[in-house]
Amino acid sequence: TAVGKPGAGPQKWELVIATGANGTKPEIFCQLTTTSRPFEISPVIRCSDEAGKSFKKNSTDTYKFDLPTPLAGDVFMIQVWHKNEGYTGSDSWRPKSMVLKGNGKVYNFVIPEDTCIDAGQTFEFFPGDAAIGKYTVKVKTGTTRGAGTDAKVKLNIIGTKGQSRFRALRNKWRNDFEKGSEDSFNVTSADLGEITGVDLKVMSTKTFGGDWQCESITVLNEAGDQYVFGVNKEFNPDSKKTHKITGPTFVGAEAEEEDED
């Protein structure tokens, strides 16, 4: 079922999900984003099965749901996650395909081979014909004592054409945001245009060493253009607080090539 504000709906949708080699507990969550400006975002959609038969290995499941507030634009992204940590079958769910039908359209989302969604991870998938942008985010941590953090960090990239929405900055099997380190993360979104700012969240943590000194954040697009944010600030973990960072220094790809010469 989808939970949202009452509107001129309901708008009927159908989501067909095929699971591959690894199943998981019969409960996943997803959220839709459209191409409308500003982007429309659906309520969180909970796909669950009280009988416990869904998302089994090599199975296909169909979920029908209504959106109380209709989406007007075309869907260009679906975000998917689950919370099934410690599930007897597997924490790591391997979706094979997703097809969304609604508002007179059919969206076939591209799911890379061997995609594996662990509990607590959020993955973004796009239709095969979507115009998307790929970005590299480089984050430098300060060099003073205690500059690093074990807290989770989330980032929302803001551009002249829209926002990426918050994404967890995480490299699997790597200890990110250590003192003096520069960590790189890949973010796929709609084409955001020129980057004007980023929103940052340092999530609350119960572990020692949560405070984080961020030196800089750089966003690179596929053309090689860089948007450099000089942060130079210490952040305390607080999941409810959003830090807005604006005024990037633009370094064009051509300028980078000239410097290398």
To check you understand the geometry: which heavy-atom pair defines the closest contact between [X] and [Y], and what is its length?
X: Asp176; Y: Asn171; result: OD2-N, 2.9 Å
X: Gly193; Y: Thr160; result: CA-OG1, 3.6 Å
X: Asp66; Y: Lys12; result: OD1-CG, 3.3 Å
X: Ser204; Y: Pro237; result: CA-CB, 3.9 Å
X: Ala147; Y: Thr141; result: O-CG2, 3.6 Å
X: Lys53; Y: Asp61; result: O-OD1, 4.3 Å

Please say yes or no: joined through hydrophobic side-chain contacts below 4.5 Å, possibly via intermediate residues, are [X] and [Y] part of one cluster?
X: Leu67; Y: Met98; value: yes
X: Val231; Y: Ile195; value: yes
X: Trp93; Y: Ile45; value: yes
X: Leu100; Y: Phe125; value: yes
X: Ile28; Y: Trp13; value: yes

List the residues meeting side-chain contact (heavy atoms from CB on, under 4.5 Å) with [X], not counting sequence neighbours, and say none if there are none.
X: Lys240; value: Asp238
X: Lys96; value: Ala18
X: Ser189; value: Ser164, Arg167, Leu192

So, does [X] use its side chain to make a donor-acceptor pair with the main chain of [Y] at under 3.5 Å?
X: Asn22; Y: Cys116; value: no
X: Asp211; Y: Glu234; value: no
X: Ser42; Y: Leu32; value: yes
X: His82; Y: Lys25; value: no
X: Gln226; Y: Thr218; value: no
X: Thr122; Y: Val80; value: no
X: Asn221; Y: Tyr135; value: no
X: Glu40; Y: Gly73; value: yes

- Item | Criterion side-chain contact (heavy atoms from CB on, under 4.5 Å) on Asn186 and Thr136, from CA distance to verdict | CA-CA 5 Å; Asn186 296 321; Thr136 300; 3.7 Å; yes

- Summary of salt bridge (Lys or Arg N to Asp or Glu O under 4.0 Å) pairs that have at least one residue in residues 185-205, sequence neighbours excluded: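 Listed by first then second residue: Lys161-Asp191, Asp199-Lys244.
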
- For residues Gln79 and Trp81, is any side-chain donor paired with an opposing acceptor at under 3.5 Å?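 No, no side-chain donor-acceptor pair sits under 3.5 Å.
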
- Message: Show, in sequence, the C-alpha distance, side-chain angles and deciding distance for Asp183 and Leu169, and conclude whether the side-chain contact (heavy atoms from CB on, under 4.5 Å) test is met.
- Response: CA-CA 9 Å; Asp183 302 294; Leu169 301 183; over 6 Å; no

Working to the nearest 0.5 Å, report the span between [atom1] of [X] and [atom2] of [Y].
X: Ile111; Y: Ile78; atom1: CD1; atom2: CD1; answer: 8.5 Å
X: Gln213; Y: Arg145; atom1: CD; atom2: CZ; answer: 14.0 Å
X: Thr115; Y: Phe123; atom1: OG1; atom2: CZ; answer: 6.0 Å
X: Asn103; Y: Gln11; atom1: CG; atom2: CD; answer: 4.5 Å
X: Glu222; Y: Thr188; atom1: CD; atom2: OG1; answer: 8.0 Å
X: Ile245; Y: Leu200; atom1: CD1; atom2: CG; answer: 5.0 Å

- Task: Answer yes or no: are there more than 12 heavy-atom neighbours, outside Arg174 itself, under 6.0 Å from its atom CZ?
- Result: yes

Does [X] reach the side chain of [Y], with side-chain heavy atoms less than 4.5 Å apart?
X: Thr19; Y: Lys57; value: no
X: Ser48; Y: Tyr63; value: no
X: Cys30; Y: Leu15; value: yes
X: Arg46; Y: Glu27; value: yes
X: Phe235; Y: Lys241; value: no
X: Asp150; Y: Asn175; value: yes
X: Gln121; Y: Arg170; value: yes
X: Asp74; Y: Phe76; value: no

- Query: Would Cys47 and Phe55 count as a side-chain contact (heavy atoms from CB on, under 4.5 Å) if you check the C-alpha gap in whole Å, the side-chain angles of each, and the deciding distance to 0.1 Å?
  - Reply: CA-CA 10 Å; Cys47 299; Phe55 309 123; 4.2 Å; yes

- Message: Suppose we screen for ring pair (Phe, Tyr, Trp, His ring centres under 6.0 Å). Which residues come up paired with Phe177, at least two apart in sequence or across chains?
- Response: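 Phe185, Trp212.
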
- Message: Holding to ring pair (Phe, Tyr, Trp, His ring centres under 6.0 Å), I want the full list of residues that pass it with Tyr227, two or more places apart in sequence or in another chain.
- Response: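 Tyr227: ring pair (Phe, Tyr, Trp, His ring centres under 6.0 Å) contacts with Phe250.
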
